[in-house]
Amino acid sequence: MSAKQHLRRLLWPTVLTFTSLGLVLFPSQLAGLFGDGEMLPLAVTALAYFAAAWLVSRIAAMALDQAATRRKPYPRLLKDMVAALLFLMAFVATTSLYMGKGAFGALAGSGLILALLGFAVRNVVADTLSGIALGVEGPFRIGDWVDIDGLARGKVIEIGWRTTRLLTRDRTYMILPNSQIARQRITNYSAPKPEYRAQVSITLDHSMPISQAREVMLEALQAADLIQKDPAPDVRVLAYEEAGITYALRYWLSRFDRDIDCRDEVFARVDDALRRAGSIAPHRRIEVISQSDETLSKVRPPDLRSE
């Protein structure tokens, strides 16, 4: 949202706030306009509370939008949380004003009501509190590609009070409760930078020396078009076992949504290079050991005949 739009949204809260404050500070003007009454000054004071909360919440939203970068905007949840806190303070102040109690008594009464409501809708409360925790900790922001272990993998579209919305690589829309997200392991592929390193494993036969295999696969990686050239890709040996030699082909991606296409290109180019070099994947070797009939007769159990 641009600065001009923010200033336009501040117009009516500012007018209402200063008007109500003027009526509170000059009660004689209020009595001259509407006459004397006990409830009218209380209503004007309550209006000033809510108008001030409205104005401050709009100012806080403008400050958060201006502080955020274009790539990493602050989630809407944080703005809603600030606004809700300000309006709650205005409500508590208005309640204490009308009930003639102090602020402590009003807070105690409102806390009891919130506790009863929270017990009735505990699942909703759990999702909401988890959403607040996610908004404060900030494990991901809008636009990040994340992998929520066991739940989903996709791009964060919106972070709400109860749910978080993801857009998967299949262009499907997923809505996940915040309480489930908070209990899972979260992998953010867009933080601290959108670039990250991926790798694939390939097992080759022992007949090809490691130096030759490394050279062939590295040339295939360097010829790939979708992966990044800087940092350069590399090939490392993971295991030297009876089944074959396992290599790790490591390369860098510019962003997560290219992961499948890059992996497909890497496998295709490496497979073509290895076939041209005359190497194939290791095959299972079965050694057949034959024994003479005499040896077999020695170990054959005797026949049991009934007499």
Query raised in the report: What's the verdict on side-chain contact (heavy atoms from CB on, under 4.5 Å) for I210 and Y240, showing C-alpha distance, side-chain angles and the deciding distance?
Result: CA-CA 10 Å; I210 291 179; Y240 194 100; 4.3 Å; yes

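- Between N188 and P139, the closest side-chain pair of non-hydrogen atoms is not below 4.5 Å.
- Between L221 atom CG and R250 atom CZ the span is 11.5 Å, to the nearest 0.5 Å.
- Smallest separation of non-hydrogen atoms from I202 and V270: CD1-CG1, 3.5 Å.
- Here CG of L166 is found 5.0 Å from CG of L176. Values are rounded to the nearest 0.5 Å.
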Query raised in the report: Is there a ring pair (Phe, Tyr, Trp, His ring centres under 6.0 Å) between Y189 and W145 once you walk through the steps?
Result: CA-CA 5 Å; Y189 290 98; W145 284 91; 9.0 Å; no

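- No hydrogens or angles considered: nothing links the side chains of S201 and T246 as a donor-acceptor pair under 3.5 Å.
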Requested in this report: Decide yes or no on salt bridge (charged side-chain N to carboxylate O under 4.0 Å, His left out) for D261 and R263, but give the supporting numbers first.
Outcome: CA-CA 6 Å; D261 295 334; R263 186 166 63 247; over 6 Å; no

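- No side-chain heavy atom of I157 sits under 4.5 Å from any side-chain heavy atom of I142.
- Counting heavy atoms from C-beta on, the side chains of L10 and M62 come closer than 4.5 Å.
- Cluster annotation: Y251 and F267 are assigned to the same hydrophobic cluster (Ile/Leu/Val/Met/Phe/Trp/Tyr, side-chain heavy-atom contacts under 4.5 Å, transitive).
- Here the straight-line distance linking atom CZ of F256 with atom CG of D144 works out to 12.0 Å at 0.5 Å rounding.
- Taking all atoms of both residues into account, the shortest heavy-atom contact from C262 to L226 is SG-CB, 3.6 Å.
- Across L55 and P13, no two heavy atoms sit closer than the pair CA-CB, 3.8 Å.
- Within the 3.5 Å criterion, the main-chain N or O of W54 finds a donor-acceptor partner in the side chain of S57.
- Minimum interatomic distance between A51 and T17 (heavy atoms only, all atoms of both residues): O-OG1, 3.0 Å.
- Put simply, the side chain of L21 does not reach to within 4.5 Å of the side chain of T19, judged on heavy atoms.
- For the residue pair R165/T163, the side-chain donor-acceptor check at 3.5 Å is satisfied.
- Under the 4.5 Å side-chain heavy-atom criterion for Ile, Leu, Val, Met, Phe, Trp and Tyr, F140 and M174 are members of the same hydrophobic cluster.
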Report task. Start with the C-alpha gap between R236 and D234, add the side-chain angles, then the distance that decides, and say whether side-chain contact (heavy atoms from CB on, under 4.5 Å) holds. Result -> CA-CA 7 Å; R236 295 288 185 269; D234 58 12; 3.7 Å; yes

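- The two residues A273 and A220 make their nearest non-hydrogen contact at CB-CB, 4.0 Å.
- Residues I227 and W252 fail the side-chain proximity criterion, which asks for heavy atoms closer than 4.5 Å.
- Atom-to-atom distance recorded for L204:CG and M217:CE is 5.0 Å, nearest 0.5 angstrom.
- For the residue pair Q184 and L151, the shortest heavy atom distance occurs at CG-CD1, 3.7 Å.
- V216 and V237 fall within the same hydrophobic cluster, where Ile, Leu, Val, Met, Phe, Trp and Tyr residues are linked whenever their side-chain heavy atoms come under 4.5 Å apart, directly or through other members.
- I245 is listed as a side-chain neighbour of H206, based on a closest heavy-atom distance under 4.5 Å.
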Report task. Under the side-chain contact (heavy atoms from CB on, under 4.5 Å) rule, what do L47 and L16 come out as? Steps first, then yes or no, please. Result -> CA-CA 9 Å; L47 178 63; L16 184 60; 4.2 Å; yes

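- In terms of the salt bridge (Lys or Arg N to Asp or Glu O under 4.0 Å) criterion, residue partners of R169 (sequence neighbours excluded) are, by chain and number, D259.
- The main-chain N or O of I186 is never found under 3.5 Å from a side-chain atom of D149 such that the two would form a donor-acceptor pair.
- In this structure, R269 does not pair ionically with D271, as no charged nitrogen and carboxylate oxygen lie closer than 4.0 Å.
- Between D170 and T172, the side chains place no donor N or O within less than 3.5 Å of an acceptor N or O (distance only, hydrogens not considered).
- The distance from the CG atom of D257 to the OG1 atom of T168 is 12.0 Å, given to the nearest 0.5 Å.
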Query raised in the report: Going through the distances and angles, do T187 and V146 end up as a side-chain contact (heavy atoms from CB on, under 4.5 Å)?
Result: CA-CA 6 Å; T187 303; V146 297; over 6 Å; no

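- In the hydrophobic clustering of this structure, L249 does not group with L238; members are Ile, Leu, Val, Met, Phe, Trp, Tyr whose side-chain heavy atoms approach within less than 4.5 Å, directly or through other members.
- Distance check, rounded to the nearest 0.5 Å: OG of S130 to CZ of R162 gives 11.0 Å.
- By the rule that hydrophobic residues join a cluster once side-chain heavy atoms approach within less than 4.5 Å of another member, Y196 and V200 end up as members of one cluster.
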